[in-house]
Amino acid sequence: MQMHTAKRVEIVIEKPLESRLTDALNEAGVTGYTIVPVRGGSGRSGPWTREGQVGRAGMVMIVCLIRPERLDSLLDAAFAVVERHIGVVSVTDAQVLRAERF
Amino acid sequence: MQMHTAKRVEIVIEKPLESRLTDALNEAGVTGYTIVPVRGGSGRSGPWTREGQVGRAGMVMIVCLIRPERLDSLLDAAFAVVERHIGVVSVTDAQVLRAERF
Amino acid sequence: MQMHTAKRVEIVIEKPLESRLTDALNEAGVTGYTIVPVRGGSGRSGPWTREGQVGRAGMVMIVCLIRPERLDSLLDAAFAVVERHIGVVSVTDAQVLRAERF
Amino acid sequence: MTEILSLAGSNLASPIILSFALGLAAALARSDLSIPEAVAKGMSIYLLFAIGFKGGASVAAHGIDSTLLKALAAGIVLSFGLPFIAFALLKTLTGMSRLDAAAVAAHYGSISIVTFVAATSILEGRGIPSEGYMVAVAAAMEAPAILSALWLVARNGKGGRMEPGLMREILLNGSIVLLVGSFVIGMVTGERGLAEIAPFIVTPFKGVLCLFLLDMGLVAGRGLRQSKGVLGGGAVLFGVTMPMIGAVIGLGLGALIGLSMGGVVLLMVLAASASYIAVPAAMRVALPEANPSIYLTLSLGVTFPFNLTLGIPLYVALATMMIGG
Amino acid sequence: MTEILSLAGSNLASPIILSFALGLAAALARSDLSIPEAVAKGMSIYLLFAIGFKGGASVAAHGIDSTLLKALAAGIVLSFGLPFIAFALLKTLTGMSRLDAAAVAAHYGSISIVTFVAATSILEGRGIPSEGYMVAVAAAMEAPAILSALWLVARNGKGGRMEPGLMREILLNGSIVLLVGSFVIGMVTGERGLAEIAPFIVTPFKGVLCLFLLDMGLVAGRGLRQSKGVLGGGAVLFGVTMPMIGAVIGLGLGALIGLSMGGVVLLMVLAASASYIAVPAAMRVALPEANPSIYLTLSLGVTFPFNLTLGIPLYVALATMMIGG
Amino acid sequence: MTEILSLAGSNLASPIILSFALGLAAALARSDLSIPEAVAKGMSIYLLFAIGFKGGASVAAHGIDSTLLKALAAGIVLSFGLPFIAFALLKTLTGMSRLDAAAVAAHYGSISIVTFVAATSILEGRGIPSEGYMVAVAAAMEAPAILSALWLVARNGKGGRMEPGLMREILLNGSIVLLVGSFVIGMVTGERGLAEIAPFIVTPFKGVLCLFLLDMGLVAGRGLRQSKGVLGGGAVLFGVTMPMIGAVIGLGLGALIGLSMGGVVLLMVLAASASYIAVPAAMRVALPEANPSIYLTLSLGVTFPFNLTLGIPLYVALATMMIGG
Ligand SMILES: Nc1ncnc2c1ncn2[C@@H]1O[C@H](COP(=O)(O)O)[C@@H](O)[C@H]1O
Ligand SMILES: Nc1ncnc2c1ncn2[C@@H]1O[C@H](COP(=O)(O)O)[C@@H](O)[C@H]1O
Ligand SMILES: Nc1ncnc2c1ncn2[C@@H]1O[C@H](COP(=O)(O)O)[C@@H](O)[C@H]1O
Ligand code: NA
Ligand code: NA
Ligand code: NA
């Protein structure tokens with residue numbers, strides 16, 4: 001099966017920032033992503049869990065598959081949103097089927 | 001700790017197709033996978049979110065860890081289901097503990 | 001954008017063990033992780049789905065990004081918990097933004 | 001005419017309709033108001049269970065009418081037949097591809113159970129009795145339209161294969177099973193069973209319906225916003241004409257088989273309403289190339305609000321005029 | 001005998017049992033009907049809160065009976081003791097490994113709160129009063145059985161260590177805390193408190209129970225389908241014999257300590273029922289090598305339906321015969 | 001004084017408060033009791049819808065009081081003004097950074113709708129009438145405090161920019177839209193609309209409130225456990241002093257504009273309570289560097305329980321003394 005090189009970017013960010021991040025991605029030309037719910041986690045600001053979150057809106061995980069040459073613009077856009085906020089950005093090498101979709 | 005080379009395949013697909021995909025995986029001899037819910041996303045068919053999806057059944061993410069030599073048969077099986085549908089397939093190199101499980 | 005080498009560890013484990021695993025990670029000095037819900041899956045102990053799980057508490061997926069040199073102590077800690085239980089551990093090479101966070 | 005208007009007016013000022021309007025407005029204004037998916041699904045299970053049970057208990061109380069079988073047959077005929085009319089109308093009014101037109105047609109042969117529930121509640125409010133077994137007719141009308149749509153596509157040699165297992169999936173889909181199952185439970189346990197659980201399924205029913213319609217409004221509004229420009233004027237025209245055509249045919253059939261005035265109204269409503277749960281899911285499997293934005297926006301964003309606000313009062317008025325109340 | 005049958009018959013035709021049957025049938029027919037996990041959990045929280053509160057309010061109304069402590073003691077003795085009987089029976093009837101047998105035994109010493117709730121509701125329907133504090137007995141019986149099972153395994157030198165923190169986890173598990181907590185609230189606020197929230201926890205109770213049992217039927221049916229062949233004939237026989245043995249011992253103990261007829265029935269039901277929430281979770285931590293399919297299928301797929309349909313009417317009949325009503 | 005104590009005592013023994021205490025105790029004891037997020041959100045939607053609707057229906061019944069506008073103005077003034085007092089008090093009592101102090105201040109200008117609901121329910125229990133439009137005042141007080149906090153930060157040249165879109169987000173946040181929307185629906189459909197859905201939004205209301213407060217207790221307890229040591233003594237002192245200051249100012253303003261005794265109590269409660277939903281979300285966007293543990297723990301872990309248990313009876317007693325009942 002014919003595969004194509006891609007980057008898999010995974011961003012964990014606070015839920016109130018979600019629409020700001022996806023807007024920024026859209027502006028950077030990234031229109032493909034998948035949002036996964038997050039049940040809890042831990043980081044420098046301590047542990048938290050989702051059950052019965054009153055007030056704490058929680059986090060979400062956004063997964064983007066993109067062509068390698070577009071990685072930098074994606075990261076710039078993401079960083080501008082994540083910068084002042086709680087959150088993590090990681091990148092992995094990947095292969096994708098159906099490159100016409102990216 | 002002894003690690004073993006593996007492939008991590010991540011498939012995002014429409015929920016109504018979920019059981020068809022897992023059936024196809026089973027037939028291709030892939031009996032290990034994990035299904036993660038998806039809260040929303042965006043692609044060529046536009047953005048969507050899960051909250052209050054009436055009619056739109058949403059998507060799911062299926063993660064499979066397999067021995068590298070079985071990748072092709074997995075991809076063939078997955079592609080047969082995904083082909084005509086909305087969805088994304090990506091592959092990453094990975095290492096796993098406890099290879100006897102794969 | 002300046003990136004740093006890291007490992008992405010993904011652990012799928014039974015929910016009743018979740019707090020034992022995160023305690024073990026904390027003891028091993030791993031304080032950053034994200035917990036993703038799991039909707040269902042399949043493995044040597046057969047397929048299951050989450051809807052209406054009475055009695056079966058289900059699984060969760062824990063994602064940790066760590067510096068490569070800390071991988072071994074993480075895996076030792078994780079393995080001690082996962083060993084006798086149902087569950088899967090995989091590791092991928094990754095790059096992260098903002099290494100000061102790890 | 002003035003009577004229709006006053007009926008429509010009093011309908012529009014009901015908490016049910018206003019809750020829908022609130023949801024619609026909130027979504028169009030891009031408020032983040034939302035009802036969790038699990039809660040929305042829980043409410044729809046509640047509504048199906050309650051409406052099925054009440055229908056069954058009412059049949060137990062009044063005995064099985066000789067028209068039951070005729071009503072079931074009429075429903076199935078409507079579900080099979082309406083897609084062909086819808087398809088022809090779409091080809092006339094819009095430039096939609098055959099595939100999209102067939103997918104839309106399937107929705108209009110099938111039914112919207114919430115529209116049915118709202119109609120029941122309006123009839124009750126006006127003291128018009130109706131046959132309890134109409135919920136069974138609703139269940140019978142969910143699936144046949146899908147077959148008509150697939151046949152419309154296959155005739156054209158354009159894919160749309162009936163995947164193995166799809167028929168079983170459609171017939172055993174959750175809402176049909178729950179509706180029929182609770183109808184049978186209601187029939188078996190009768191008035192006594194109903195009395196036991198009435199404080200759960202009868203008295204708070206209308207309130208739950210309000211919250212559910214709030215969610216429907218949110219979903220419809222968000223859908224309209226996201227698929228701006230997907231529907232042309234012809235499609236929107238179809239979305240309000242087709243229900244009226246369906247209602248008139250339902251009126252004729254209902255009168256023919258001798259349903260009560262309330263029963264005729266419910267058959268009209270079933271014919272007029274368009275599916276937005278069972279059929280879309282089936283279309284994603286059977287006709288994946290058809291554009292879901294088109295059929296969801298039409299069914300949920302145009303026809304559902306039309307029926308809820310203007311349609312139902314109109315059908316009640318029509319039936320009153322034709323059959324007399 | 002005919003009385004038992006007619007009682008069983010009228011029990012079987014209740015909305016509660018039929019809802020369970022509907023769920024079971026839907027799952028076995030592979031319908032996609034399902035109740036969201038969050039909603040199912042919400043309903044179980046509602047049921048626990050309501051049953052605990054009502055028990056406490058009833059104790060506040062009738063005063064603490066001198067038998068309360070005796071009943072608690074009887075419950076704890078049953079929970080500790082029944083696993084040994086279950087273990088011996090399993091060794092006789094099946095070829096299960098010691099580990100699996102011990103894990104199953106733990107479930108049968110502990111209790112199923114939904115079976116208890118269903119029994120309460122049947123007693124109420126027949127106008128048989130019972131002691132309000134029986135919900136406290138139910139809470140007391142959840143955990144001891146786990147210790148017996150671990151002891152059965154440890155005796156064999158086969159792992160099954162009591163992990164640090166596990167005991168606290170078991171004693172403070174959500175359902176025990178909620179049951180005991182709402183019992184105390186009911187006791188403190190008494191009839192006045194109950195009156196304030198009765199329209200929420202009393203009148204719609206039975207209806208919620210129907211939907212909850214629908215879900216239980218779905219889960220049990222799916223479990224049965226997925227673990228076809230896991231249970232041999234001996235295990236199934238155990239699944240219907242053990243509850244009856246438990247019920248008879250409960251009958252003896254209940255009579256001995258002087259419970260009312262209704263109270264005796266409830267103690268029988270507690271002894272007869274098998275856990276499917278607290279104990280399975282504890283087993284995954286303490287005895288991870290034991291096969292969950294075995295104990296879940298037995299408890300949820302065999303014993304629960306047996307108790308719900310035939311068991312409870314049988315226990316009522318037995319208690320009526322022995323103690324008189 | 002003894003009257004205050006007896007009132008506080010009878011308040012403390014209500015199912016509502018005890019449910020909160022149960023949740024708090026369970027969380028502090030590290031029980032795994034938890035209410036699914038979707039169910040908790042569903043309950044809060046129910047409460048907002050019910051309280052808004054009832055307020056609107058009551059306005060429809062009693063006519064719009066000439067004080068409505070004055071009350072709205074008073075609420076907005078309080079919401080704008082209280083953050084400045086809170087900020088000054090924090091600077092005196094604690095060593096908090098300006099940023100954290102401003103973020104906390106925003107919470108105390110805004111309101112907690114659950115505290116408001118609990119107060120309504122206590123007033124009803126004691127037969128004290130109040131103006132239905134106070135829910136509109138509650139909605140009007142949610143947002144202005146955020147602007148004051150941002151201004152406090154900006155004055156210092158310390159970021160806290162008003163991001164584009166944030167104002168729209170705050171004004172159209174789900175709880176404001178639902179509260180105002182259902183208020184309008186209640187006003188339009190009036191007593192007749194209320195009668196239709198009263199079995200859903202009126203009779204079971206208190207019971208739902210119990211379960212909701214159980215969840216609030218769980219969340220507050222978990223928050224307190226996780227942020228042990230985050231708050232010093234000065235901060236805790238602030239958490240109980242500030243509500244009393246707010247209440248006294250609310251009392252003055254309420255008396256000034258001529259609210260009824262019940263209305264004055266509700267304005268006091270609004271002034272005394274601190275937001276834990278709308279404002280925290282806004283702060284994460286506008287002042288991300290402020291520490292969420294501080295403001296959430298103060299608002300949810302200190303002020304909310306204080307108001308619920310001691311505050312409300314105190315405010316009722318104060319209002320009774322000053323205005324007479
Ligand atoms: N090293 C990490 N690996 C995975 N997720 C992380 C990591 N660090 C932080 N996170 C996630 O990001 C959230 C906020 O992190 P922090 O900003 O460090 O408090 C945490 O709650 C986790 O969900
Ligand atoms: N590049 C991508 N990266 C991650 N997820 C994607 C991507 N493209 C599509 N998806 C996911 O697949 C779904 C359907 O995509 P599409 O078929 O392009 O409309 C989207 O809603 C996303 O959840
Ligand atoms: N090869 C695999 N790839 C992804 N997930 C797996 C795999 N094997 C097992 N799992 C997950 O781990 C759970 C338990 O696996 P097992 O212990 O093999 O029964 C399954 O239900 C899956 O969620
Ligand atoms: Na139709
Ligand atoms: Na038992
Ligand atoms: Na305030």
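As the structure is a computational prediction, the values presented were derived from the model and not from experiment.
Between the side chain of Asn173(E) and the main chain of Ile170(E), a donor-acceptor pair closer than 3.5 Å is present. In this structure a side-chain-to-backbone donor-acceptor pair under 3.5 Å is present from Ser31(F) to Leu172(E). A donor-acceptor pair under 3.5 Å is formed between the side chain of Ser182(E) and the backbone N or O of Leu178(E). No donor-acceptor pair closer than 3.5 Å links the side chain of Lys206(F) to the backbone N or O of Pro15(F). At distances below 3.5 Å, at least one donor-acceptor pair connects side-chain atoms of Ser299(F) with backbone N or O atoms of Ser275(F).
In this structure, Ser148(E) has no side-chain hydrogen bond (donor to acceptor under 3.5 Å, both in side chains) partners at least two apart in sequence or on a different chain.
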So Ser260(F) and Glu131(F), side-chain hydrogen bond (donor to acceptor under 3.5 Å, both in side chains) or not? Walk me through it. CA-CA 7 Å; Ser260(F) 74; Glu131(F) 286 82 358; 3.0 Å; yes
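For residues 22-29 of chain F, heavy-atom neighbours of chain E at less than 4.5 Å comprise Leu22(F), Ala26(F), Ala29(F), sorted by residue number. Contacts with chain F (heavy atom to heavy atom, under 4.5 Å) involve no residue of residues 107-122 of chain E. Inspection of non-hydrogen atoms places Ile185(E), Val188(E), Thr189(E), Gly193(E), Glu196(E), Ile197(E), Pro199(E), Phe200(E) of residues 184-205 of chain E under 4.5 Å from chain F.
Contact of Leu214(F) with chain E is made through the side chain alone, with heavy-atom distances under 4.5 Å.
Ile146(E) has its side chain out of reach of Met167(E): every pair of non-hydrogen atoms, C-beta onward, lies at least 4.5 Å apart. Inter-residue side-chain proximity for Val39(F) and Leu211(F) is flagged as unmet; no heavy-atom pair is nearer than 4.5 Å. Counting only heavy atoms from C-beta outward, the side chains of Pro292(E) and Arg284(E) approach each other to under 4.5 Å. Residues Phe304(F) and Leu213(F) are in side-chain contact: their nearest non-hydrogen atoms beyond the backbone lie under 4.5 Å apart.
One finds the OG1 atom of Thr297(F) at 15.0 Å from the OH atom of Tyr276(F) (value rounded to the nearest 0.5 Å). In this structure, CZ in Phe20(E) is found 9.5 Å from CG in Leu218(E), a value given to the nearest 0.5 Å.
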